Amino acid sequence: MKEPKGKAEGQENAPNFVHDLVREDLRTNKHGGRVVTRFPPEPNGYLHIGHAKSICLNFTTAELAEGGRCHLRFDDTNPEAEDTEYVESIREDVRWLGFDWGSHEYFASDYFQRLYDCAVDLIERGFAYVDSQTLEEIRAGRGDFYKPGVNSPFRERSVEENLDLFARMRAGEFEEGAHVLRAKIDMASKDVNLRDPLMYRIRKAHHHRTGDDWCIYPMYDYAHPMSDGFEGITHSICTLEFAHHNPLYQWFVNHFEFDPVPWQYEFARLNLTYTVMSKRLLKRLVEEGHVSGWDDPRMPTIAGMRRRGYTPAAIRRFAERIGVSRRDSIVDVGLLEHALREDLNATSPRTMAVLRPLKLVIENFPDDGQIDLGAPFSPDDPSFGSRTLHLTRELFVERDDFMEEPVKKWFRLAPGKEVRLRYGALVTCTDVVKNAAGEVTELRCTWDPESQGGNAPDGRRVRGTIHWVSAKHAVDAEVRLYDRLFNEENPLDEAHEGDFTARINPGSLEILQNAKLEPNLATRSHGERVQFERLGYFVVDPDSTAERPVYNRTIQLKDSWAKKRK
RNA sequence: UCCCGGGUCGUCUAAGGGCAGGACAACAGGCUUUGGACCUGUGAAUGGUGGUUCGAAUCCACCCCCGGGAACCA
């Protein structure tokens with residue numbers, strides 16, 4: 001029978017070659033039905049959306065099998081780069097994304113003794129040796145892409161001498177750089193990584209977890225496959241730049257008797273338009289003050305996206321949709337934004353807030369009159385509930401919703417034009433008040449008392465519907481409008497002048513101090529998400545207080561009017 | 001100059017000898033008390049040249065382009 005390999009029309013899940021391979025392994029009962037993966041961050045920085053892709057891939061792959069699991073392993077073999085500070089943020093971010101590693105949290109540093117013992121074993125079997133050349137000699141001896149390497153003069157040391165030297169390295173008898181431990185593989189290999197790679201180097205550095213217990217530290221190429229072996233990993237998933245290490249990965253794993261024998265699979269890392277993803281560049285943005293920190297809502301870090309108002313579900317959905325393949329790509333950030341809007345549209349209560357207030361006075365409305373009107377929090381889902389709006393003589397409307405000399409197809413406020421106040425009433429602009437500078441400071445209107453709630457009493461068509469708040473009831477707030485951090489699709493494109501910071505979008509943050517909110521928006525808690533009707537999705541920032549609410553704009557609504565004007 | 005990957009609509013991807021399909025974006029229309037959401041429709045692709053075949057995106061050959069690789073980093 002022919003197994004349909006691709007997905008049919010209307011497919012919900014994007015292609016994922018790793019899932020396909022694992023399903024095949026399950027079918028053939030490879031590893032006895034076990035699937036164990038791991039997410040192995042180095043605790044030297046904050047996680048970003050690229051890591052999120054990997055986290056989703058590793059956890060969803062494990063879920064393919066009954067009893068499958070995904071480990072969280074901190075790959076902390078370089079004491080000079082890592083810090084405990086990052087460990088907690090990584091845990092928090094993975095948890096926030098919605099994944100649970102249960103009791104399977106590990107640290108590569110917990111394996112230092114075991115790794116050492118295995119290295120001794122390799123030495124005893126003649127597969128590793130202590131090299132006493134200088135760094136420069138080792139580098140020169142490795143050759144280059146076109147020339148094979150040459151054997152180190154120390155390559156044929158006796159097992160006894162190697163054992164003695166290695167023990168003394170561990171004991172701290174030598175200075176940094178005096179010796180290294182190397183795997184004895186093949187100095188003439190076309191694969192440069194196989195030319196007797198380093199396994200251990202001397203580093204008299206304080207480790208964030210093991211303190212000063214060790215002065216020799218294992219290299220990634222040795223520690224990683226071994227850690228996978230120790231933990232019973234079946235599918236070791238990493239990004240493409242590690243593909244060259246696969247033969248070496250297998251070499252180490254095959255010199256021990258692991259069950260299961262792990263295998264490494266590589267996939268293409270995520271790149272996004274209008275975004276930089278490397279830890280080094282993100283660090284520069286923070287350190288040079290281009291953003292307020294690792295959790296600045298413009299950052300592609302998980303912490304930044306969380307503060308921006310992204311939902312875990314949107315990120316997971318995005319990761320699923322873009323698929324997993326081996327080809328380099330730059331995903332249109334619009335795909336991410338689509339997943340975001342999709343989730344927010346379904347989950348956000350609708351509210352009203354005026355960002356740039358313009359006073360509107362209803363002249364035929366009593367001075368102290370007030371009409372209470374019910375308004376649902378969702379236009380089509382009653383389970384969201386409703387609140388009461390207060391129609392009063394003085395209101396605030398959006399300055400952008402008024403145009404003194406309207407262009408064609410303008411359905412909003414303009415002299416003589418009638419519009420609907422959402423869930424409020426129909427009002428007609430009768431006059432415009434200006435200050436000495438000629439700026440519009442107030443709109444004078446009349447309303448149709450028959451139109452309470454916004455219904456046209458005679459069925460007349462009123463095309464424009466605008467949002468508003470009662471001046472008397474409005475709560476002042478700060479609103480931070482965020483936009484893409486970069487102006488260019490590919491900020492790293494070398495065709496541009498200057499470095500990537502020259503492409504930062506100067507309009508990526510605009511702070512409005514005088515926004516007017518409907519009252520219920522003043523009492524929401526940090527992280528709560530709402531839609532400000534007609535404007536976009538917003539989230540309560542951690543800086544928010546009861547006295548001074550602060551909202552961040554997560555993303556604008558799709559705006560076909562803005563498009564039309566262009 | 002060497003080794004390893006990879007090239008399908010603008011973007012991410014299906015189809016792996018038999019109608020090049022989907023999603024996002026774009027465009028057009030419908031509906032609408034959010035110019036939102038939703039619905040309908042349209043345009044849009046197999047890097048090149050040869051070869052095998054009734055038939056090639058798919059197999060073969062050569063070429064071109066892109067990414068990665070020579071840390072005591074991960």
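No experiment lies behind these values; they were computed from the predicted model shown.
By the 6.0 Å and 45° rule, A:Arg484 stacks over the aromatic ring of A:Tyr274. Under the 6.0 Å distance and 45° angle rule, A:Arg209 counts as a cation-pi partner of A:Phe107. The cationic group of A:Arg170 lies under 6.0 Å from the six-membered ring centre of A:Trp214 and within 45° of the ring axis, placing it in a cation-pi geometry.
Counting non-hydrogen atoms under 4.0 angstrom, A:Arg422 reaches a base of the nucleic acid. Among the protein residues, A:Lys147 comes within range of no part of the nucleic acid, since none of its heavy atoms lies under 4.0 Å from any strand. Counting any heavy atom pair closer than 4.0 Å across all strands shown, A:Leu135 reaches a base atom. Heavy atoms of A:Tyr217 sit nowhere under 4.0 angstrom from any nucleic acid atom. At the heavy-atom level, A:Met219 lies under 4.0 Å from the strands shown only through sugar-phosphate atoms. Among the heavy atoms of the strands lying under 4.0 Å from A:Ser325 are primed sugar atoms or P, OP1, OP2 only; no base atom is included. Contact annotation for A:Ile466: no contact, since no heavy-atom pair falls under 4.0 Å across all strands. Residue-level contact check: A:Glu337 touches neither bases nor backbone, having no heavy atom under 4.0 Å from any strand. Residue contacts for A:His244: at a heavy-atom cut-off of 4.0 Å it reaches a base atom on one of the strands shown. Residue contacts for A:Arg139: at a heavy-atom cut-off of 4.0 Å it reaches the sugar-phosphate backbone alone, with no base atom in range. Nucleic acid contact for A:Gly453: base, since at least one base atom lies under 4.0 Å from a heavy atom of the residue. Residue contacts for A:Pro379: at a heavy-atom cut-off of 4.0 Å it reaches a base atom on one of the strands shown. Nucleic acid contact for A:Asp559: sugar-phosphate only, since backbone atoms but no base atoms lie under 4.0 Å from a heavy atom of the residue. As judged by a 4.0 angstrom heavy-atom cut-off over every strand, A:Asn78 is placed among residues touching the sugar-phosphate backbone only.
Between B:rG35 and A:Arg412, no contact under 4.0 Å exists linking OP1 or OP2 to a side-chain N or O. Checking the phosphate oxygens (OP1, OP2) of B:rC73, a side-chain nitrogen or oxygen of A:Arg201 falls inside 4.0 Å. The shortest distance between the side-chain N/O atoms of A:Arg327 and the OP1/OP2 oxygens of B:rU8 is below 4.0 Å. For B:rU11, the OP1/OP2 oxygens have no side-chain nitrogen or oxygen of A:Thr273 closer than 4.0 Å. Considering only side-chain N and O atoms, A:Lys279 lies nowhere under 4.0 angstrom from the phosphate OP1 or OP2 of B:rA74. Here A:Lys558 reaches the OP1 or OP2 of B:rA25: one of its side-chain N or O atoms lies under 4.0 Å away.
Nucleotide B:rU33 holds its P atom 13 Å from the CZ atom of A:Phe411, rounded to whole Å. We find that CD of A:Glu136 is positioned 15 Å from C1' of B:rA70, with the value rounded to whole Å. As a whole-Å value, the separation of A:Arg203 CZ from B:rA74 P is 10 Å. Here B:rA37 presents its P atom at 8 Å from OH of A:Tyr537, a figure rounded to the nearest Å. A:Lys53 has its NZ atom 7 Å from the P atom of B:rU13, to the nearest Å. Rounded to an integer number of Å, the gap from A:Arg463 CZ to B:rU34 P is 11 Å. When rounded to the nearest whole Å, the span between CG of A:Asp186 and C1' of B:rA70 equals 15 Å. As rounded to whole Å, 18 Å separates atom P of B:rU34 from atom CZ of A:Arg341.
Counting only heavy atoms from C-beta on, A:Lys563 has its side chain closest to B:rA26 among B:rA71, B:rA26, B:rU34. Comparing atom distances between the A:His338 side chain and each of B:rA25, B:rC72, B:rU33 picks out B:rA25 as nearest. With B:rA71, B:rU33, B:rC12 as the choices, the nucleotide that has an atom nearest any side-chain atom of A:Leu335 turns out to be B:rC12. For A:Glu533, the side-chain atoms get nearest to B:rU34 when compared with the rest of B:rA70, B:rA74, B:rU34. Nearest to the side-chain atoms of A:Lys190 among the listed nucleotides B:rA71, B:rC3, B:rG35 stands B:rC3. The nucleotide whose nearest atom lies closest to any side-chain atom of A:Arg326 is, among B:rA70, B:rG36, B:rG6, B:rG6. Looking at the side chain of A:Arg321, the nearest of the listed nucleotides B:rU34, B:rC72, B:rA23 is B:rA23. Closest to the side chain of A:Asn345, from the set B:rC27, B:rG36, B:rC24, is B:rG36. Picking from B:rC24, B:rA70, B:rU13 the nucleotide with the shortest atom distance to the side chain of A:Val192 gives B:rA70.
The aromatic ring of A:Tyr220 does not sit over the base of B:rA74, since the test of centres under 5.5 Å and planes under 30° is not met.
Pair check for B:rA20 finds none; no Watson-Crick or G-U wobble contact set falls under 3.5 Å. Nucleotide B:rC2 forms a pair with B:rG69, judged by Watson-Crick or G-U wobble geometry with both contacts under 3.5 Å. A 3.5 Å limit on both hydrogen-bonding distances identifies no Watson-Crick or G-U partner for B:rC9. Within the shown strands, B:rA61 is the pairing partner of B:rU49 under the Watson-Crick or G-U definition, both distances less than 3.5 Å. Checking B:rU32 for Watson-Crick or G-U wobble geometry (two distances, each under 3.5 Å) identifies no partner in any strand. Base pairing annotation: B:rU42 forms a Watson-Crick or G-U wobble pair with B:rA26, both donor-acceptor distances under 3.5 Å.
Taking atom P on both B:rA44 and B:rA20, the two are 14 Å apart, rounded to the nearest angstrom. To the nearest whole angstrom, the two C1' atoms, one in B:rC9 and one in B:rA15, are 15 Å apart. Rounded to whole Å, the separation between the P atoms of B:rA14 and B:rC4 comes to 24 Å. For the C1' atoms, the distance from B:rG21 to B:rC3 is 37 Å, rounded to whole Å. Comparing B:rU8 with B:rC12, their P atoms sit 8 Å apart, to the nearest whole Å. Taking atom P in both B:rG7 and B:rG17, the straight-line distance is 16 Å, to the nearest Å.
In the displayed structure, A:Lys283 atom NZ is contacted under 6.0 Å by at most 12 heavy atoms of other residues, nucleotides or ligands. More than 12 heavy atoms of other residues, nucleotides or ligands sit less than 6.0 Å from atom CZ of A:Arg157. The neighbour count for A:Arg460 CZ, taken as heavy atoms of other residues, nucleotides or ligands under 6.0 Å away, is above 12. Around atom CD of A:Glu136, more than 12 heavy atoms belonging to other residues, nucleotides or ligands sit under 6.0 Å away.
Remark: aromatic rings of A:Phe74 and A:Tyr86 are distant, center separation not under 6.0 Å.
Heavy-atom nearest nucleotides on RNA chain B were determined for A:Tyr200 and for A:Arg461, and the one closer to the 5' end corresponds to A:Arg461.
Scanning for salt bridge (Lys or Arg N to Asp or Glu O under 4.0 Å) contacts around A:Glu85 gives an empty result, with sequence neighbours left out.
Taking only distance into account, the side chain of A:His245 meets the base of B:rA74 through a donor-acceptor pair shorter than 3.5 Å.
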* Kindly indicate, with the supporting measurements, whether the criterion side-chain hydrogen bond (donor to acceptor under 3.5 Å, both in side chains) is fulfilled by A:His244 and A:Asp191. => CA-CA 8 Å; A:His244 312 88; A:Asp191 180 350; over 6 Å; no
